[in-house]
Amino acid sequence: QVQLVESGGGLVQAGGPLNLSCVASGGTFSSLAAGWFRQAPGKEREFVAAISWTSDHALYADSVKGRSTVSKDNAKNMMYLQMNSLKSEDTAVYYCAASLYGRSWPPVDYWGLGTQVTVSS
């Protein structure tokens, strides 16, 4: 069973950067597709970004495209989300997600517990 733990959330300033990390146990990111979802208060969980099993393909939601980068470090078994130009609408709980090779895309088979990100103006 793959377990995921997010870190890096908290209070961030509008216009500033956000750096989230996700560590996996029970599996390695070298064989996992991974991604990020978020859920704002009163809204449904939405896709943010994902990176393929071989890291040769990344997918972004329109709302974050051009100001976000998703990446994996297989040696450290970590996955990252870097986001710039934070906006108030980026306030949400951010979830790390993953799937085994050939399974769901965007990855939704395994989930972390989430990390709160609050953008202050």
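Please read these numbers as outputs of a predicted model, since none were measured by experiment.
Donor-acceptor pairing under 3.5 Å is lacking for the side chains of Asn77 and Thr28.
Between Pro107 and Gly35 the shortest heavy-atom distance is CG-N, 3.6 Å. Heavy-atom minimum distance, Gly27 versus Val2: CA-CG2, 4.2 Å. Across all non-hydrogen atoms, the minimal contact from Thr115 to Glu6 is CG2-CB, 3.9 Å. Val70 and Ala58 make their closest contact through CG1-CB, 4.0 Å (heavy atoms, listed as atom of the first residue, atom of the second, distance).
Asn84 is not listed as a side-chain neighbour of Ser68, based on a closest heavy-atom distance of 4.5 Å or more. Side-chain contact between Gln13 and Leu86: absent, with no pair of heavy atoms (C-beta onward) separated by less than 4.5 Å.
Here Glu44 contributes atom CD and Arg38 contributes atom CZ; the two are 14.0 Å apart, rounded to the nearest 0.5 Å. In this structure, Thr91 OG1 and Gln116 CD are separated by 7.5 Å, a value rounded to the nearest 0.5 Å. In this structure, CG in Asn74 is found 5.5 Å from OG in Ser55, a value given to the nearest 0.5 Å. Interatomic distance, CG of Leu81 versus CD1 of Ile51, reported as 11.0 Å (0.5 Å rounding). Between atom CD of residue Gln82 and atom CZ of residue Arg67 there is a gap of 13.5 Å, rounded to the nearest 0.5 Å. Atoms CD and SG, on Gln3 and Cys96 in that order, are 12.0 Å from each other to the nearest 0.5 Å.
Val108 and Met79 are members of different hydrophobic clusters when ILVMFWY side chains are connected at heavy-atom separations under 4.5 Å. No continuous path of hydrophobic side-chain contacts links Val93 to Leu4 [ILVMFWY only; heavy atoms under 4.5 Å]. Residues Val119 and Leu20 are members of one and the same hydrophobic cluster, defined by side-chain heavy-atom contacts under 4.5 angstrom among Ile, Leu, Val, Met, Phe, Trp and Tyr.
Among pairs with a residue in residues 3-49, those fulfilling ring pair (Phe, Tyr, Trp, His ring centres under 6.0 Å) read Phe37-Phe47, Phe37-Trp111, at least two apart in sequence or across chains. Among pairs with a residue in residues 80-103, those fulfilling ring pair (Phe, Tyr, Trp, His ring centres under 6.0 Å) read Trp53-Tyr101, at least two apart in sequence or across chains.
Asp90 and Lys87 are not joined by a salt bridge, as no carboxylate oxygen comes within less than 4.0 angstrom of a charged side-chain nitrogen.
Panel note: side chain Ser99, backbone Asp109; no donor-acceptor pair is recorded below 3.5 Å. Counting only distance, with no hydrogens or angles, the side chain of Lys72 and the backbone of Ser52 share a donor-acceptor pair below 3.5 Å.
By the side-chain hydrogen bond (donor to acceptor under 3.5 Å, both in side chains) test, Ser7 pairs with no residue at all, sequence neighbours left out.
Counting heavy atoms of neighbouring residues, nucleotides and ligands inside a 6.0 Å radius, atom CD of Glu46 exceeds 12 of them.
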TODO: Starting from the C-alpha separation in whole Å, work towards a yes-or-no answer on side-chain contact (heavy atoms from CB on, under 4.5 Å) for Tyr110 and Arg103.
DONE: CA-CA 11 Å; Tyr110 305 102; Arg103 299 291 293 270; 5.8 Å; no

